[in-house]
Amino acid sequence: MLDLKLIREDPEGVLERLRRRDPTLSLDELLAQDKRRRELLVQVERLKQQRNRASDEIAELKRQGRDASAEIAQMQEVARRVRELDQELKACEADIERLLVVLPNLPHPSVPVSQRKEDKVLLREWGRKPELGFKPRNHVELGRALGILDFERAARIAGAQFPMHVGLGARLEWALLSLMIDMNVREHGYTLVLPPYLANPTSLFVAGNLPKFGDQLYRCESDDLYLIPTAEVSLANLHRGEILSESDLPLRYAAYSACFRREAGTYGAGERGLIRVHQFNKVELFKFTTAETSYDELDSMVQDAERILQRLGLHYRVMLLPSGDIAQQSAKTVDIEVWLPAQEAYYEVSSCSNCEDYQARGGNVRYRTEEGRIRFVHTLNGSGLATPRLMVAILESFQQEDGSVVVPPALRPYLGGVEAIR
RNA sequence: GGAAGGGUGGCUGAGAGGUCGAAAGCGCCCGACUCGAAAUCGGGUAGGCGGGCCAAAACCCGCCUCGUGGGUUCAAAUCCCACCCCUUCCGCCA
């Protein structure tokens, strides 16, 4: 969530930045409630002070064995008034909380201002589109023909848009995950985490998924738990409520998890097969940093994700997202998009965000500086990477005219040396 | 699922209606001793909110916080209720 003090001190500045993301946002009610809260606080605190002093006096009188009934009678009235004001204050604070949590993070100055998601900015490209010399088959056809993807039987088990990998398809998926874990742990210095796949409501509020995006989540009602849409949820809550030491930062975690998304209302034309699914595998990168280093850490996180695509030999481009298209909790987001030959389009395979102190404030994750001051950490998250579209990219980019698919050399050690799927 | 015990500062742990934001120890910081260090000795060491002053920092004052939320009381870490979590044992099951 945003810093209420900052909103109070510079409402125009905050509102201007908020409206880069959503021109309909307003702070009027929030500011009014905040003012009211502070007025109530002053009132109720004055009464409590009176009560505390009287309590000391009553205690002293009793110790001396003297009568305190006059003072006690007087305090009964004060206590009643305190209860009333406390209730009013509580309602006011609940209103503030409700208004505050729906406000998105402030975009970083480098983020292009636009409500149109097409207005993303190309930062760089790597490689080139593969020249197959024949009309590319899409991954659904390839997967079915090779017997490595089985959506029909998966639907029998769970419904549409659930993938099922079989045989070399499953092994290829596993190989991808193994490669990503190895590179991120051994070459990029992340600590591997296997987190819970279910999370409580608090965790989803901290991560930024609730309250606004609950319709995208699978919920286990009888236990009041949610299936995580990304391991970002688990990792953002890993140090919830802690005060870390500056010397421990940055903390870099890489988590493997399955991810679950309802994708309500997103049935896109042509998004068949693995392009948009309700369940997928992902290695998620997450960092806790100081304010000073978080943007350098964002750059290096994007590069960590890019190196995996480079190792696989997949053509991609890196895009800076505009203000209207970044996630609630993010101040700046960089997407990596891989080229999918049969779709003839670039598709997101990684989304790296700096959430600055937005998640940290909600989760109360702080650190003590060398000088002893306490500040909120910055949190960053990024896919490194999600597998479904990687699988699409591999099948479609490395397909041969005879319908076989050449396995990228980097994956072969994980597949017992298999060079092609046919 | 059943039973018992327990959640107190960075950590261990005492406190069982008022003098308790909280003993003691450890850790950490500062100082003394020392050429320097260790040991020793002295001092300091939780967080949040609000106000004084709004431009920050420092300082001062007040309020709140002993798992969370309610209740009793003039007054709650302490008594009552509900919930959450942890530990141990039993049962069940990968």
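So that the names make sense, note that chain A is the first sequence line, chain B the second, and so on, each numbered from 1.
Between A/Glu45 and A/Lys48 there is no salt bridge, since no side-chain nitrogen of the basic residue lies less than 4.0 Å from a carboxylate oxygen of the acidic one. Electrostatic pairing of A/Arg17 and A/Asp10 does not count as a salt bridge here, judged by no charged N lying under 4.0 Å from a carboxylate O. Salt bridge annotation for A/Arg156-A/Glu152: absent, with no cationic side-chain nitrogen under 4.0 angstrom from a carboxylate oxygen. Between A/Lys120 and A/Glu337 there is a salt bridge, with a side-chain nitrogen of the basic residue lying less than 4.0 Å from a carboxylate oxygen of the acidic one. Looking at A/Arg375 and A/Glu292, a side-chain N of the basic residue comes within less than 4.0 Å of a carboxylate O on the acidic one, giving a salt bridge.
Atom P of nucleotide B/G50 and atom CD of A/Gln33 are separated by 15 Å, given to the nearest angstrom. Per the geometry, CD belonging to A/Glu93 stands 10 Å off C1' belonging to B/C64, to the nearest Å. Between the CG atom of A/Leu40 and the P atom of B/C64 there is a distance of 16 Å, given to the nearest Å. A/Arg80 has its CZ atom 15 Å from the P atom of B/G71, to the nearest Å. To the nearest angstrom, P of B/U73 lies 15 Å from CD of A/Glu77. In this structure, A/Asp86 places its CG atom 10 Å from P of B/G71, rounding to the nearest Å. Between the CZ atom of A/Arg83 and the C1' atom of B/C63 there is a distance of 18 Å, given to the nearest Å.
Checked against ring-ring contact (aromatic ring centres under 6.0 Å, His included), A/His108 has the following partners two or more places apart in sequence or in another chain: A/Tyr295.
Along RNA chain B, the nucleotide nearest A/Arg373 and the nucleotide nearest A/Arg366 are compared for position; the residue whose nucleotide lies closer to the 5' end is A/Arg366. Where A/Arg368 and A/Gln87 meet RNA chain B, the nucleotide closest to each residue was compared, and A/Arg368 sits on the side nearer the 5' end.
The listed nucleotides are B/G47, B/C64, B/C49; the one nearest the side chain of A/Lys5 is B/C49. Checking B/C74, B/G10, B/C63 against the side-chain heavy atoms of A/Met75 singles out B/C74 as nearest. Proximity note for A/Ile58 (side chain, C-beta onward) versus B/G18, B/G10, B/G48: the nearest is B/G18. Comparing B/G18, B/C49, B/G47 by their nearest atom to the side chain of A/Ile374 picks out B/G47. Checked against B/G47, B/C63, B/C74, the side chain of A/Gln49 finds its nearest nucleotide in B/C63. Of the candidates B/G18, B/A75, B/G51, the closest approach to any side-chain atom of A/Ala79 belongs to B/A75.
At the heavy-atom level, A/Arg8 lies under 4.0 Å from the strands shown only through sugar-phosphate atoms. Here A/Gln74 lies out of heavy-atom contact (under 4.0 Å) with every strand.
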Quiz prompt | Watson-Crick and G-U pairing of RNA chain B, under 3.5 Å, as dot-bracket with | and [ ] | solution = ((((((((.[[[..)..(.....]]]((((((.......))))))(((((((......))))))).[[[[[..)....]]]]])))))))....
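If you check the side chains of A/Thr379 and A/Gln359, you find a donor sitting under 3.5 Å from an acceptor.
Spacing between B/U72 and B/C30 at atom P, rounded to whole Å, works out to 50 Å. Atom P of B/G43 sits at a distance of 11 Å from the matching atom of B/A24, rounded to the whole Å. One C1' atom belongs to B/C61, the other to B/C66, and the distance between them is 24 Å to the nearest Å.
Considering all non-hydrogen atoms of both residues, A/Glu396 and A/Asn138 come closest at OE2-CA, 3.5 Å.
In this model, the phosphate group of B/C49 is not approached by any side-chain N or O of A/Arg38 to a distance below 4.0 Å at OP1 or OP2.
For B/G62, its base sits under 3.5 Å from the side chain of A/Glu45 at one donor and acceptor pair at least.
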